[in-house]
Each structure stands twice: as C-alpha cells, then as structure tokens.
> 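Structure below; questions to follow.
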Amino acid sequence: MRSRLATRSARLVLAAAVVTALAATTACGPEDPSETGAAAPSTSTSSSASASAEGTESGDNGGSEAGKGGTEAPTGDKSGYGQSCGTNDLDFTVTWEAQPISHYLVTAKAKSGITCYLDVNTPSVSFGSAADGVASPVGQGGEDPIKLSGSSVAYAGIDAKTTEGEGGKQFEHVIIATSEDDPNPAEVELPDAPTVDKPIVTNWSTKRDEVIPRIV
C-alpha cells in the first residue's frame, strides 16, 4: 500500500515539474512586437520610404512649377508693343510720285540693329519753323502700331500745296518727326524745291496706295 502511494506521489511531482517547465517556456517565448520594439526598424524603413516618396513628388511638382515660371515672357511697359520708334531710330527718304496724283512719298525704315514700333499713327511734318508750314493730318492710311525692323518700311504721303494760285513759299527740306514732342526731328532733303501752302500729310501705312493724300 505504501509503495503505491509513493509511486503516485512521484507521478504527481513529475507532472507538476512538466507543467512548471511548460509555463517557463511560454513565459520565455516571443513577446508582443509592440511592447519590445523589435519591429521598429521595419516601421522606420516604411516611414522613410513614404517620406522619400512624398519628398520626390513634392520636388517634382516644385520643379515643374519652377519650370513653368521660367518660361513666362516678361511683360513690357507698352502693352506688348515694345520700344516706340523715336525719330533718331529711323532713316527717312522722300521721293516725288506723279501717279495717281502728284505727291511726296515718305519712306521710314529702322536703322540697323533697331526694332521698334510706330505707336503714333500720324507723323509730324512741317516745312520750316512757322506755323503755316505745319502739315495738317488727313487721316488716310492708318495701321497702329507698325513694327519696323530689318527691311520692313512704313509710308506716309505729303501734299505740299493744296491751294490754287501762286501763293506759298518754296522749301528744299521737310522736317519729319515720329511725334510732335520728339526732341530730335529729322530734316530731310526734298527731290526738288516745291511751293508750300497749306500742306497735308497722311497716316503711316505699310501700303503705298493707302497714303495718297487727298482732302476729303
């Protein structure tokens, strides 16, 4: 009887030892990653990749916007026209035209290396310095503005004498300016010495047949 009790007690002790060992093994097993931080490197890598992706996207957008900004053309002070033609930016010639009615043809061309615009539609024209030698505009022609550069030219027509009879004065030169307040008017030699009385002038145009001066 005592032998059986001893055997049973030994089995209970052995079973208890097994249970204790299993409990110890469980306690030493893998812990919750959130508690130990073992997975932290993986999380950090993911965050870095995400941050890198966001940075790349942001950089691309920034570069794109910067590129767009760099391609914008600067706006000028003349609503896109550019430099206005001063009288000293141009070369003038005056020729005599007999058809369809007799008149003087002014041709204006930009000097070498200059690009400019005739912003003022009508040239300022006068014979001498007296008020009665100033040519009155008649409004024919009219392109505003006209770009002058290279071989491009603009024309204006002058009728030196619009009155009948023998009145008037003779002149060998005509004074031309791109505007009334231009400080550097040009004195251009005429092909002859016409008698001038109540002269008229047309607007600028790129077409010769639009600048035949007529009193309307």
Side-chain angles (χ1 to χ4, degrees), residues 73-163 168-216:
T75 54
D77 294 332
K78 291 196 168 286
S79 303
Y81 289 175
Q83 175 183 330
S84 293
C85 295
T87 303
N88 57 359
D89 292 325
L90 308 176
D91 288 324
F92 300 92
T93 57
V94 179
T95 56
W96 169 252
E97 303 291 325
Q99 298 296 330
I101 61 173
S102 60
H103 65 283
Y104 291 98
L105 181 69
V106 179
T107 303
K109 181 180 179 182
K111 292 179 179 179
S112 178
I114 291 178
T115 297
C116 61
Y117 290 80
L118 288 168
D119 292 334
V120 178
N121 193 277
T122 307
S124 175
V125 171
S126 64
F127 295 87
S129 58
D132 60 0
V134 177
S136 300
V138 291
Q140 293 163 251
E143 298 175 38
D144 188 15
I146 295 175
K147 179 181 178 180
L148 293 180
S149 180
S151 61
S152 60
V153 297
Y155 303 103
I158 300 172
D159 187 352
K161 182 174 171 62
T162 59
T163 60
K169 299 177 184 178
Q170 282 189 308
F171 291 89
E172 295 180 349
H173 296 81
V174 61
I175 300 170
I176 303 172
T178 56
S179 63
E180 292 181 357
D181 57 355
D182 192 298
N184 301 298
E187 188 174 55
V188 183
E189 185 175 3
L190 294 166
D192 54 12
T195 299
V196 177
D197 191 20
K198 297 189 182 303
I200 59 174
V201 61
T202 70
N203 295 334
W204 292 113
S205 177
T206 56
K207 302 180 178 72
R208 294 169 61 123
D209 59 359
E210 290 186 351
V211 296
I212 300 168
R214 297 182 177 92
I215 296 178
V216 179

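Residue numbers run from 1 in the order of the sequence given.
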> Using the test side-chain hydrogen bond (donor to acceptor under 3.5 Å, both in side chains), find all partners of Thr95 that sit at least two apart in sequence or belong to another chain.
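Expected list: Glu97.
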
> To the nearest 0.5 Å, how far apart are CD1 in Ile200 and OG1 in Thr162?
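If I round to the nearest 0.5 Å, the distance is 6.0 Å.
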
> Please list, chain by chain and in numerical order, all residues satisfying side chain to side chain contact (heavy atoms under 4.5 Å, CB included) with Pro199, sequence neighbours excluded.
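For Pro199 the side chain to side chain contact (heavy atoms under 4.5 Å, CB included) partners, ignoring immediate neighbours, are Phe127, Ala135, Val196.
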
> Tell me, please, which residues at least two apart from Glu180 pass salt bridge (Lys or Arg N to Asp or Glu O under 4.0 Å).
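For Glu180 there are no salt bridge (Lys or Arg N to Asp or Glu O under 4.0 Å) partners, ignoring immediate neighbours.
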
> Name each donor-acceptor pair under 3.5 Å that joins a side chain in residues 102-116 to protein atoms two or more places apart or in another chain, with its distance.
residue : atom : partner : partner atom : Å
His103  : ND1  : Ile101  : O            : 2.8
Tyr104  : OH   : Asp192  : OD1          : 2.4
Tyr104  : OH   : Asp192  : OD2          : 3.3
Lys111  : NZ   : Asn88   : O            : 3.0
Thr115  : OG1  : Ser149  : OG           : 2.8

> I'd like to know if the side chain of Thr195 reaches the main chain of Gly168, judged simply by a donor and an acceptor atom lying under 3.5 Å from each other, with no hydrogens or angles considered.
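Such a contact is absent between Thr195 side chain and Gly168 backbone.
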
> What is the distance from atom CG of Leu190 to atom CD1 of Ile158, rounded to the nearest 0.5 Å?
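So the gap between those two atoms works out to 7.5 Å.
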
> For residues Ser84 and Asp89, report the shortest heavy-atom separation together with the two atoms involved.
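Where Ser84 meets Asp89 most closely, the heavy atoms are O-OD2, 3.7 Å.
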
> Any side-chain hydrogen bond (donor to acceptor under 3.5 Å, both in side chains) involving residues 122-133? Give me the pairs, sequence neighbours left out, ordered by first then second residue.
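Every pair satisfying side-chain hydrogen bond (donor to acceptor under 3.5 Å, both in side chains) with a residue in residues 122-133: Thr122-Asn203.
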
> How far does CD1 of Ile146 sit from OG1 of Thr206, to the nearest 0.5 angstrom?
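Answer for the CD1-OG1 pair, Ile146 versus Thr206, is 6.0 Å.
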
> Report the distance from atom CG of Asp159 to atom CG of Asp197, rounding to the nearest 0.5 Å.
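One finds 10.5 Å between CG of Asp159 and CG of Asp197.
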
> Starting at OH of Tyr155, measure out to CD1 of Ile212 and round the result to the nearest 0.5 Å.
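The distance works out to 12.5 Å.
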
> About how many Å separate CG of Leu90 and CG of Leu118, when rounded to the nearest 0.5 Å?
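That separation rounds to 6.0 Å.
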
> Quick one: list whatever passes side chain to side chain contact (heavy atoms under 4.5 Å, CB included) with Ala186, sequence neighbours left out.
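Ala186: side chain to side chain contact (heavy atoms under 4.5 Å, CB included) contacts with Thr87, Phe92, Val188.
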
> Using modelled atom types and a 3.5 Å cut-off, is there a donor and acceptor pairing between side-chain atoms of Gln140 and backbone atoms of Arg214?
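Yes: the side chain of Gln140 pairs with the backbone of Arg214.
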
> Grab the two heavy atoms, one from Pro191 and one from Val94, that are nearest each other, plus how far apart they are.
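Closest approach of Pro191 to Val94: CD-O, 3.7 Å.
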
> Please indicate whether Lys198 has more than 12 foreign heavy atoms, meaning atoms of other residues, nucleotides or ligands, lying under 6.0 Å from its NZ.
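Not more than 12 within 6.0 Å, no.
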
> What's the shortest heavy-atom distance between Val211 and Pro213, and which atoms?
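Scanning both residues completely, I find the closest heavy atoms to be O-CD, 3.2 Å.
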
